[in-house]
Colleague: 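Input: one structure, supplied below.
Computed from a predicted structure; not experimentally measured.
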Amino acid sequence: MTVRTRVAPSPTGDPHVGTAYIALFNYAFAKSQGGEFVLRIEDTDRTRSSRESEQAILDSLNWLGLSWDEGPDIGGDKGPYRQSDRIEIYQQYAQQLIDEGKAFYCFASADELAQMRAEQNAQGIQPHYDGRGLRLSKDEIQAHLDAGDPYVIRMKIPESGSFKFNDYLRGEVEIPWEQVDMQVLLKADGYPTYFLANVVDDHLMGITHVFRGEEWLNSAPKLMKLYEDFGWQAPELGHMPLLRNPDKSKLSKRKNPTSILYYQKMGFLPEAVLNYLGRMGWSMPDGREKFSLSQMIEQFDIKRVSLGGPVFDVDKLKWLNGLWIREELSDEQLADRLVAWAYNRDTLMSILPQAKTRLEVFSDLAPLAGHFVSGIPEYDAALLSHKLTEEQLRDSLQFFIWELEALRHWSKDEIFAVAKSLATHFELKVKDFLEPIFVAITGKTSSTSVVDAMEILGPDLSRARLRAALATVGVSKKAAKKLEKEYKAYCA
């Protein structure tokens, strides 16, 4: 048997370090066994998925040096490798489950389900699907279908007992069926949910081992039950520990930069980032802290993964990156890396149109455009709030960050449209709204156009600087809750 693993990210935002972490361990396991590693794109969330995000995922994994044997960009004999190209396959298998009595139609509307959950909450019951679709007669089901009523397809689950399976990393796990909902498999738009698509794809693509984050552990019964319903051999399933912030909370972009491309923009070496991710819950047998991907694969045993939540500490990563720079790069190699990182012709060609109108001598370039090749500025709170009250500054920065996080297409026109809309909402002139944004992005009060700078810097570094500026202002828990409520109203 050829070992085959995969990583299956959703292209709905920045390429996350958690994705790279899971990809690394699946990759290292496959390669240590002489196997194959597959990249599959889970783009069935039609409202949030974008090709820009997909490309960012491909770029980030390539930058790290995690190459795949099959994928959407290079093909393979078990494709397509983009789930949006496989919709008819999922519909076929969903219908098979219906025909065999292992799944059922549910015609309940969103309002009916909301009322169901409200009633359950009022009764102190954990909200769950109540099985109403199972109580429909064949004639009632056919009448709904003949009328063209919208429906979803849900899986059947046992009403009592528990599910046991052997986790590759954790041993025997038991989960009561009462904690498992009757999962939607096919949505009303004909698109699959994660559960159906993953089971079908992993089977058809011959995936033998799946290592994923522990946040998915409670969903394991649904996956394994689907394999049973189809009569398929399930892959070995293992759940990796979650990455944590230094305060032990789940790794999140509000406390730590989480985009792989942020670390690329900041000037980290891909070898060092991959090395650091390899140390997240795993260690070399000889205890060394610095090792290459090939050395990790040579010594790899996934059973050595510690199940305690590994801490992702940026300061520790910087220290390790410094070791790589000093111990692995000659001066000539370092010069080449610096040129490839930021001092290359493409980068200069994007910056010069912004700087040229202000240049009088070449030495003006560094102070004028230094923010294009620097990290997070040190912020002067007084400069940030020059014309705004502290509350206006805090609210406008936070709303701007949230809006940019939801932005599917990163361009100066889209960024300016967001700024203009928020300026109107806060009853500010666009110029006044953008002043603290300018300082947050450039660290200065005058420089090149801020929206042009954000387009060139990209979403990862731009949002990281805005979050750092907001942290300088400070947001209390009480203020954060108030802001979330106000932002929901704004979005509505």
Side-chain angles (χ1 to χ4, degrees), residues 1-9 15-39 60-71 166-171 206-214 235-244 251 260 263-264 268-330 333 337:
M1 177 190 73
T2 299
V3 168
R4 285 171 61 85
T5 65
R6 52 79 169 171
V7 65
H16 199 280
V17 294
T19 299
Y21 162 66
I22 294 298
L24 169 60
F25 279 83
N26 278 279
Y27 178 91
F29 180 81
K31 297 306 173 183
S32 70
Q33 303 294 314
E36 298 162 346
F37 176 65
V38 177
L39 172 65
S60 65
L61 294 179
N62 271 318
W63 176 70
L64 286 171
L66 294 175
S67 57
W68 42 96
D69 299 291
E70 301 166 27
N166 189 61
D167 187 283
Y168 201 82
L169 302 176
R170 298 164 186 268
I207 302 302
T208 62
H209 296 76
V210 174
F211 300 106
R212 57 183 193 158
E214 68 177 314
E236 295 282 357
L237 191 60
H239 291 85
M240 299 286 295
L242 284 177
L243 299 183
R244 303 283 178 184
L251 186 67
I260 285 294
Y263 293 96
Q264 181 184 22
F268 285 83
L269 296 173
E271 299 96 326
V273 176
L274 209 57
N275 180 177
Y276 190 64
L277 289 173
R279 296 182 65 254
M280 295 289 97
W282 186 85
S283 61
M284 291 287 277
D286 61 5
R288 81 184 91 157
E289 295 199 78
K290 184 166 73 68
F291 49 84
S292 66
L293 177 58
S294 60
Q295 289 169 335
M296 179 178 178
I297 291 169
E298 185 180 343
Q299 300 291 331
F300 192 73
D301 177 0
I302 201 163
K303 297 288 188 179
R304 289 178 56 82
V305 169
S306 169
L307 299 180
V311 173
F312 190 92
D313 186 336
V314 177
D315 289 335
K316 182 74 172 179
L317 172 56
K318 284 182 177 178
W319 169 82
L320 185 60
N321 197 72
L323 281 187
W324 273 89
I325 289 173
R326 291 186 292 276
E327 296 179 3
E328 299 296 328
L329 299 180
S330 67
Q333 289 171 323
R337 291 293 187 103

Colleague: Can you tell me if Arg170 uses its side chain to pair, donor with acceptor, with the backbone of His239 under 3.5 Å?
Modeller: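 The answer is yes, because a donor-acceptor pair under 3.5 Å joins these two groups.
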Colleague: Roughly how far apart are Leu169 CG and Met240 CE, rounded to 0.5 Å?
Modeller: 6.5 Å
Colleague: When rounded to the nearest 0.5 angstrom, what is the spacing between OH in Tyr27 and OG in Ser67?
Modeller: 4.0 Å
Colleague: CZ/Arg4 to CD1/Ile207 distance, rounded to the nearest 0.5 angstrom?
Modeller: 5.0 Å
Colleague: Counting C-beta onward and ignoring hydrogens, is there a side-chain heavy-atom pair between Leu269 and Asn275 closer than 4.5 Å?
Modeller: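 Not touching, per the 4.5 Å side-chain cut-off.
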Colleague: Looking at side-chain heavy atoms only, is the closest gap between Lys31 and Asp69 below 4.5 Å?
Modeller: yes
Colleague: Is the shortest side-chain heavy-atom distance between Tyr276 and Phe312 below 4.5 Å?
Modeller: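 They are in side-chain contact.
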Colleague: Can Asp286 and Arg288 be counted as an ion pair, charged N to O under 4.0 angstrom?
Modeller: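 Here Asp286 pairs with Arg288 in a salt bridge, since their nearest N and O are under 4.0 Å apart.
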Colleague: Compare all side-chain heavy atoms of Leu24 with those of Leu293 and state whether any distance is below 4.5 angstrom.
Modeller: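 Of all side-chain heavy-atom pairs linking Leu293 with Leu24, at least one is under 4.5 Å.
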Colleague: Indicate the atoms forming the closest heavy-atom contact of Leu277 with Ala20, along with that distance.
Modeller: CD1-CB, 3.7 Å
Colleague: Taking all atoms of both residues into account, what is the closest heavy-atom pair of Ala272 and Asn321, and its distance?
Modeller: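 That closest heavy-atom pairing would be CB-OD1, 3.2 Å.
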Colleague: Taking all atoms of both residues into account, what is the closest heavy-atom pair of Met284 and Gln295, and its distance?
Modeller: CE-O, 3.7 Å
Colleague: Just how far is it from atom CE of Met280 to atom OH of Tyr21, taken to the nearest 0.5 Å?
Modeller: 8.0 Å
Colleague: Kindly state whether the ring of Phe25 and the ring of Phe29 have centres lying under 6.0 angstrom apart.
Modeller: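 Aromatic pair excluded; centres sit 6.0 Å or further apart.
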Colleague: With rounding to the nearest 0.5 angstrom, report the CG to CZ distance, Leu274 to Phe291.
Modeller: 9.0 Å
Colleague: Any side-chain to backbone donor/acceptor pair from Arg304 onto Ser283? Under 3.5 Å, distance only.
Modeller: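 Checked: pair present.
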Colleague: Can you tell me how far CG of Leu237 sits from CZ of Arg212, rounded to the nearest 0.5 angstrom?
Modeller: 5.0 Å
Colleague: Are any non-hydrogen side-chain atoms of Leu39 and Pro9 less than 4.5 angstrom apart?
Modeller: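 Side-chain contact under 4.5 Å: yes.
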Colleague: Check the pair Trp282, Ile302 against side-chain contact (heavy atoms from CB on, under 4.5 Å), reporting the backbone distance first and the verdict last.
Modeller: CA-CA 8 Å; Trp282 186 85; Ile302 201 163; over 6 Å; no
Colleague: Does Lys318 use its side chain to pair, donor to acceptor, with the backbone of Asp313 at less than 3.5 Å?
Modeller: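 Answer holds: no.
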Colleague: Show your working on side-chain contact (heavy atoms from CB on, under 4.5 Å) between Trp319 and Asp315 and close with a plain yes or no.
Modeller: CA-CA 6 Å; Trp319 169 82; Asp315 289 335; over 6 Å; no
Colleague: Which atom pair, heavy atoms only, marks the closest approach of Pro241 to Gly308?
Modeller: CB-O, 3.6 Å
Colleague: With heavy-atom distances below 4.5 Å as the criterion, would you say the side chains of Glu328 and Glu271 are in contact?
Modeller: no
Colleague: Using atom types as modelled and distance alone, determine if a side-chain donor or acceptor of Ser306 lies under 3.5 Å from a backbone N or O of Gly281.
Modeller: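 Here the side-chain-to-backbone pair does not exist.
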Colleague: Of the non-hydrogen atoms in Gly213 and Ile22, which two are nearest, and what is the gap between them?
Modeller: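 Smallest heavy-atom distance, with atoms named: N-CD1, 3.8 Å.
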Colleague: Go through it in stages, so that I can follow the logic: the residues are Leu242 and Leu251, the test is side-chain contact (heavy atoms from CB on, under 4.5 Å), and I'd like the CA-CA distance, side-chain angles, deciding distance and then a yes or no.
Modeller: CA-CA 8 Å; Leu242 284 177; Leu251 186 67; over 6 Å; no
Colleague: Would you name the heavy atoms of Met296 and Gly278 that are closest together and state the gap between them?
Modeller: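 That would be CE-CA, 3.9 Å.
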Colleague: Kindly indicate whether the side chain of Val210, heavy atoms from C-beta on, has any atom under 4.5 Å from the side chain of Arg6.
Modeller: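 In short, these two side chains touch, coming nearer than 4.5 Å.
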Colleague: Any side-chain heavy atom of Glu289 sitting closer than 4.5 Å to one from Lys316?
Modeller: yes
Colleague: Using side-chain contact (heavy atoms from CB on, under 4.5 Å), reason through Phe211 and Val305 one step at a time and then give a plain yes or no.
Modeller: CA-CA 11 Å; Phe211 300 106; Val305 169; over 6 Å; no
